[in-house]
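One structure below.
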Amino acid sequence: MKPRVRFAPSPTGYLHIGGARTALFNWLYARHTGGTFILRIEDTDAARNSQEAVDVILNGLRWLGLDWDEGPLTGDATGPGKGSFGPYFQSQRTRIYMDYMQKLLSGGHAYEVQEGKDEGTIKFKMQREPVVIQDLVVGEVVRKLTDREEVDPDFIIRRNDGVPVFHFVNVVDDLQMNITHVIRGEDHLSNTAKHIALFKAFGVPPPHYAHIPLILNNDGSKMSKRDFGASLTTYIEEGFLPEAVINYLCLLGWSPKNNREIMPLNEVVELFDLPQILRHNARFDMAKLIWLNGKYLRERTTTTTTTTTKPPPPDNEDFYLLGISALTRVGTPVEKFPLAYIRAALDTCRGKFKTFSELPAYAGFYFTDKIEYDAEAAKKDFVPENKPRLEKLRDAFAKIPARLGDSSSGITELEGGGFLAANLEAALKETTKALGVKAGVLVHPCRLAVTGKTSGPSLYHLLEVLGKEKVMARIEKALANMTS
RNA sequence: GACCCUAUGGUCUAGCGGUUAGGACACCACCCUUUCACGGUGGGAGCCCGGGUUCGAUUCCCGGUAGGGUCGCCA
């Protein structure tokens, strides 16, 4: 029988990065074995459930590329789904729960509490002996009763308002949906004893269990909602590439064991299996994710192109889209600039940054005329002796004719002789020669004058994209700032 | 408090009875370069502690310590 696995999140309004990895491992196992990956929404706690909260989960999984074979198609609990074991929202399965609850009651495995603090609830008669759990990741675990359970091992499976509780519905669903392998976070390991007892009471063998270690913060503390990076939404918004996030998640708690770091998902699908999952928790290392993201980003957009060279790689529309949204997100008025200019500007940034969130700081100078000079650099570069040098450079640039339409059009150009990177470089080199200085002597003050920063895209290409008008104005302004 | 899981550089990991303990991120230095980034080269940094078992333990066993998890009318 082919494995049937499920990811069963509760719609809390966000998708935890650890939950995303649980989904990934389930998905990987299903794809590796040719089994079925099921998405089930555990929305029994009606109070805080909403369609939006479910959408967060669906969108997150879709963004990661984890497609499910059975489960809801929309965030609407009463809406359409696919698969023949539905409904896939627990809120829609009351009938099923009532039937199974009845089975337990009539079989003498559960009873309604008549008095005391638990009055009105239904409790499951839990066994008093230790439960043996055969875990595919952890191995054999003998779960003994805790001191409190020693007093009363029975646990509530239906609240006094009639709503069945997690342990019960979880088991009923897994049973009714023919789940063969339960792959979930290790936080459920202790609870598994209850689940196994429940399966036993229903007279069926429990599924195989595989408890995967948790993801902790970089300092080793538990990762909760508040911690940066805990929510998958963050990665979507910060402009991470899904393939980088997936790749990183694969490497947390699992290893290809051949020193490989960057792996396409289909290769992971081939190699992945449950027994080789690590047994210890992993700390989340944002720096490594960022490095991976940079790798993928560069792989996708590595060609440095400008208006004057060949057209940008064809399938990189999303590079512009992601770039524009990153800029817009922090209030950069990109809409005031022609698309061709924006694209040309973004092209000069290709391969230079690791996440799109770095872009605004990196390329902001393209979209504002208020250049604020890096104070330390200004002290170093805007010195009296550099003033005549920068003036010389300005004069050299002045001799180069502007492109038609200049700064606003971005693509129109003069035949070979305009304000282009190659010509600008030649002019600068010539000036340095005349001055008898090294290129850096002119490059640094020029870059600072035009961008306000000490680092950024290729100077010549950036000047070309900016256009003669802006370049000259910015150099003038810088000169005015310098004392002779 | 009880119960469960875990323990290789700062982080992710390979190794699991005899290895110069391997790789990656991060860090430092140098090279490349118009800056930055990329790419090179080199470097510092590790088997949690204590007992066993063994000719020999990072590797096996026990204890401790530390971290994490669970014991809910949350999931």
(request) Can you tell me the pairing partner of B/U54 across any strand shown, Watson-Crick or G-U wobble, with both distances under 3.5 angstrom? (result)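 For B/U54, the partner nucleotide comes out as none, under the 3.5 Å rule.
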(message) When both hydrogen-bonding distances must be under 3.5 Å and the geometry is Watson-Crick or G-U wobble, what is B/C27 paired with, if anything?
(response)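 The base-pairing partner of B/C27, which may sit in any strand shown, is B/G43.
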(message) Can a side-chain donor-acceptor contact be found between A/Asn423 and A/Tyr460 if the only test is distance below 3.5 angstrom?
(response)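 Note: A/Tyr460 and A/Asn423 side chains miss the donor-acceptor criterion.
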[X] near the nucleic acid: base, sugar-phosphate alone, or nothing, with a heavy-atom cut-off under 4.0 Å?
| X | answer |
| --- | --- |
| A/Asn170 | nothing |
| A/Arg148 | base |
| A/Leu278 | sugar-phosphate |
| A/Asn281 | sugar-phosphate |
| A/Asn191 | base |
| A/Glu261 | base |
| A/Val169 | nothing |
| A/Glu358 | nothing |
| A/Lys194 | sugar-phosphate |

(request) Check whether any side-chain N or O of A/Glu464 sits under 3.5 Å from a backbone N or O of A/Leu420 as a donor-acceptor pair, and report yes or no. (result)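 Not at all, since once roles are kept as given, no pair shorter than 3.5 Å links the two residues.
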(message) Which is more 5' along RNA chain B, the nucleotide nearest A/Asn259 or the one nearest A/Glu186? Just name the residue.
(response)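 Upstream on the strand: A/Glu186.
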Taking only the [atom1] atom of each, what is the distance from [N] to [M] in whole angstrom?
| N | M | atom1 | answer |
| --- | --- | --- | --- |
| B/A24 | B/U35 | C1' | 28 Å |
| B/G15 | B/A57 | P | 22 Å |
| B/U54 | B/G18 | C1' | 12 Å |
| B/C3 | B/C12 | C1' | 30 Å |

(request) Can you sort out which residues in residues 246-256 of chain A have a heavy atom within less than 4.0 Å of RNA chain B? Ascending by number, please. (result)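 Contacting residues: A/Leu251, A/Leu252, A/Gly253, A/Ser255.
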(message) Return the CZ to NZ distance between A/Arg298 and A/Lys352, rounded to the nearest 0.5 Å.
(response)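 The CZ atom of A/Arg298 sits 11.0 Å away from the NZ atom of A/Lys352.
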(message) Distance check, rounded to the nearest 0.5 Å: A/His181 atom NE2 versus A/Tyr209 atom OH?
(response)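 The distance works out to 12.0 Å.
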(request) Determine, for nucleotides 29-43 of chain B in 5'-to-3' order, which nucleotides have protein heavy atoms under 4.0 Å from the base (write B), from only the sugar-phosphate (write S), or from neither (write -). (result) -----BBBSSS----
(request) Provide, to the nearest angstrom, the distance between the CZ atom belonging to A/Arg279 and the C1' atom belonging to B/G69. (result)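 Distance, rounded to whole Å: 17 Å.
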